[in-house]
Amino acid sequence: MESVILQGLNPQQTEAVKAVDTPLLVIAGPGSGKTKVITHRVAYLIYEKHVSPFEILGLTFTNKAASEMNDRVSGLLDNSVAGVTISTFHSFCAMLLRRESEKLGLKQNFTIYDDQDQVSLVKKLVKQLDIDVDNVTPRTLLSQISKAKSKMVGWSTYQENAGNYIQEFTAKIYEEYEAALNLSSALDFDDLLLKTYHLFRDYPEVVSKYQERFKYVMIDEFQDTNITQYAISKQLALATGNLAVVGDPNQSIYSWRNADIHNILSFHDDFPTAKVVNLDQNYRSTRTILETAQNLISPNTEKFDQKLWTENSGGQPIVIGEGYNEKEEAEMIISEINNIVSKGEYSLSDIAIMYRVNSQSRALEEKCIKYGIKYQLVGSLKFYQRQEIKDLIAFLRLINNPDDDVSLLRVINVPARGIGQKTLSILSSFAVNSKSSIANVLDQVFAGESSIEIKDLGLTKAALKNLFNFREMMADFKGYVSTRSLPELIEIIFDQSGYKNHIMNESENYQERNENIRELINTAGYFSKENTNDSLSAFLESVSLVGDTDNLSYQGQKLTLITLHQSKGLEFPVVFISGLEDGMLPHIRSIDSENPSELEEERRLCYVGVTRAKERLYLLRSFRRGFRGEPSLPSRFLADITKAQVVSWNFSGEKVNQSNKYVDYQLHQDEHFDLGPDYDIPEYKDSEPKEEQISFNQFKVGDKVAHKVFGDGIIIGCKPIDEDQELQVAFKDGIGIKKLLGSFAKLEEIN
DNA sequence: ACACCAATCGTTTTT
DNA sequence: CGATTGGTGT
């Protein structure tokens, strides 16, 4: 058995798999077989050490990672794995808190506030306090609060240590914010972790229960954990000392979300008996790419000493190119993709374009449309963040937890019910003063439960009537929870709340919004089918923690457009990184910051992108970017890539859409491109390129078409020529590949 | 209370 | 340049 489990593992991987009775730190370089080690280690525990699957806990940071680990483990273990707990930190904690809720005086059906909810709450609090502080936005306040929470600093401690006016203000908001969450029976993401920590700290019998249950704890992407998460891990693993953490400090790119790179860097100090395994053989990339990555990362000071190596061949040189502006840069990228795909060297699903900020995708998308290239934009507009979805979810949350004021305020006047700002601010301030939720105030007003005199509130008759109707409507909805299925319930709310009519009247994107709601109803249907606990509360939790129906999978032949952050954990044969300019990557904020570790993180971000590539890597930059269009310097990171590894894109100001000439890159000395610090801003020789018109071409690669003479065929190439397009079509029946001009060919699309 | 218009604003990454 | 905020008028 042992031989089977350890088969195909290299010595370091084997060492990591077999180290099961000691703290373990695995430094897993990119492409070093990390997932393999984790899954095989689980198998080893179960089959070799006869550990029950129930005693194994795997924690990850993202849902993607959790579900991937789940798939890999169950693939390896033939379903005998049933019982291994693999989940994200956040959902693990949420599960725990629901189970132990009464100990913390928490309602079991607490609501989880996401980013948007938090912002709207903080905005409301700022307004209530009526203090104006310049340059302090709700977002700034929230990020400070979140930072404190992820370091386990409560509001009172924060207040004691406040050293200036802004911090005092923040402390005040922090205090109010906590009170508001409490009143609404709501937890934010940080609370899920923090309350779990408190639970373990204050209830020894609880922590020992879970220590006994989970004797083997593994944490993936350990470099992304924050202080609280690490503290929880220690609480869990204290009894056995059996904590295995896997990660790569060089891929720590989430410090802005309070991940602490020191967790992994000083793990060995916390656990002096820990075995440290260094996975330094790379199986993913060509030697050139790997060496480039190494050169890129080596100036960093906060890192683990690791020298990656590979048995892979050298492969192609890295391609570096510059466009005049972002449009030209996009043109270079997309036409090159079109080129290598038409030549059959790669398919679209082999290729990814990565960038620092989401807004960079726009220029790329336009060119994709122009060339008829299918693409998928990873995670830009999150399904559950869309307005109509959030609105309907808010109704559901309110049914589940009437005290959830944020959700109430969100939907009480959507669609318009004549409950305006005046009314709401009266209710709100009354609720604050009486330390109760708004729903509670309404109960008191209409159910006559207490001393609140209607006239004392100063509400108009119309407002009262509208409030009464809203309350009745919510009560009706609540009645359906036990009698109808989840999808039916959503359908009823959609219809009877007037939301359906509401979005129909906004005919602009009625179709799209309606489809989104259909999608939500479908999702609810799937959820009911697949989960034994299909309660409303469970559904809402899955919505806020599991989030998107996992990135729509990689179906079909599509080019991937993705941010560098999101690319972590993925790999592609061909990778383009766009925007290698100072100010973009590294981002301007990290350059301006007096904290040098921010710059190091940008470097790691670039490193993550580079190490996604298996065979070919293109690094692109643009001379002018954005609407300001100011000239920019090449990214300082480029200076750390040696010229020996690089080939310049032979593009020197010619019109881009003429031919594929510039794709024919040849090694040449290029004065145009100087990696040194004395870089001169190049003069662009031609006049500003004309605005290209985006013509909506009829055909794209992959379309099936019929031709009068040649018969049926499939489009394999597609090159725009002015308003027209030159098509390469592979016809059936031995006719072969023909080049045709779109406007003359009279092709018909067939299915 | 609501709809529309103007001005402003601030530009990262997200469980 | 785009989205969001604020103010206006009905």
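In the text below, chain A, chain B and the rest are named by the order of the sequence lines, each starting its count at 1. From a predicted model like this one, the values you see are computed outputs, not experimental measurements.
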**Request:** Kindly write out the residues that satisfy side chain to side chain donor-acceptor pair (under 3.5 Å) with A/Asn413, not counting sequence neighbours, or none if the list is empty.
**Result:** none
**Message:** Any salt bridge linking A/Arg98 with A/Glu541? Criterion: basic side-chain nitrogen under 4.0 Å from a carboxylate oxygen.
**Reply:** yes
**Message:** Under 4.0 Å, counting only non-hydrogen atoms across every strand here, what does A/Ser359 touch: a base, just sugar-phosphate, or nothing?
**Reply:** nothing
**Request:** Measure from the side chain of A/Arg362, starting at C-beta and using heavy atoms only, and say which of B/dT14, C/dG2, B/dT11 lies closest.
**Result:** C/dG2
**Prompt:** OP1 or OP2 of B/dT13 sitting under 4.0 Å from any side-chain N/O of A/Asn358?
**Reply:** yes
**Message:** Using whole Å, what does the distance between atom C1' of nucleotide B/dT14 and atom CG of A/Asp114 come to?
**Reply:** 11 Å
**Asked** Which of these nucleotides, B/dT11, B/dT14, B/dT15, is closest to any side-chain atom of A/Arg589?
**Response** B/dT11
**Request:** Can you tell me the distance, in whole Å, between the CZ atom of A/Arg386 and the P atom of C/dA3?
**Result:** 15 Å
Between the protein and nucleotides 4-10 of chain C, which nitrogen or oxygen pairs are less than 3.5 angstrom apart?
residue: C/dT5; atom: OP1; partner: A/Lys123; partner atom: NZ; Å: 2.8

**Item:** For A/Glu472, salt bridge (charged side-chain N to carboxylate O under 4.0 Å, His left out) partners two or more places apart
**Value:** none
**Request:** Let me know the distance between CD of A/Gln360 and P of B/dT11, rounded to the nearest Å.
**Result:** 16 Å
**Request:** Name all residues meeting the salt bridge (charged side-chain N to carboxylate O under 4.0 Å, His left out) criterion together with A/Arg99; count only those two or more places apart in sequence or in a different chain, and write none if there are none.
**Result:** none
**Message:** Using the side-chain heavy atoms of A/Thr563, tell me which of these nucleotides is nearest: B/dT15, B/dA1, B/dT13.
**Reply:** B/dT13
**Request:** Using the closest heavy atom to pick a nucleotide of DNA chain B for each, name whichever of A/Ala463 or A/Trp256 lands nearer the 5' end.
**Result:** A/Ala463
**Asked** Taking atom C1' of B/dT14 as reference, at what distance in whole Å does atom NE2 of A/His90 sit?
**Response** 10 Å
**Message:** When you compare the ring of A/Tyr254 with the six-membered ring of B/dT13's base, are the centres less than 5.5 Å apart and the planes under 30° from each other?
**Reply:** no
**Prompt:** Please give, in whole Å, the distance from C/dC1 P to A/Asn325 CG?
**Reply:** 13 Å
Could you pull out the protein-nucleic contacts involving nucleotides 2-5 of chain B (nitrogen or oxygen on both sides, under 3.5 Å)?
residue: B/dC2; atom: OP1; partner: A/Gly418; partner atom: N; Å: 3.2
residue: B/dC2; atom: OP2; partner: A/Asn413; partner atom: ND2; Å: 3.0

**Fill in**
Here the distance between atom P of B/dT14 and atom CD of A/Gln116, to the nearest Å, is 14 Å
**Prompt:** Can you tell me how far P of B/dT13 sits from CD of A/Gln566, to the nearest Å?
**Reply:** 9 Å
**Asked** Salt bridge check: are A/Lys327 and A/Glu366 linked by an N-O gap of less than 4.0 Å?
**Response** no
**Message:** Is the distance from the ring center of A/Phe222 to that of A/Phe267 below 6.0 Å?
**Reply:** yes
**Request:** Run the salt-bridge test on A/Glu329 and A/Arg621 with the 4.0 Å N-O cut-off and return the result as yes or no.
**Result:** no
**Prompt:** If every non-hydrogen atom of A/Ser578 is compared with every non-hydrogen atom of A/Ile333, which pair is closest and at what distance?
**Reply:** CB-CD1, 4.0 Å
**Request:** Could you tell me which residues satisfy side chain to side chain contact (heavy atoms under 4.5 Å, CB included) with A/Asp260, sequence neighbours excluded, listed by chain and number?
**Result:** A/Ile227, A/His262, A/Asn263
**Request:** Determine, for A/Asp220 against A/Lys34, whether the closest basic-nitrogen to carboxylate-oxygen distance falls under 4.0 angstrom.
**Result:** yes
**Length of the line joining A/Ile253:CD1 and B/dT15:C1', which is rounded to integer Å** = 13 Å
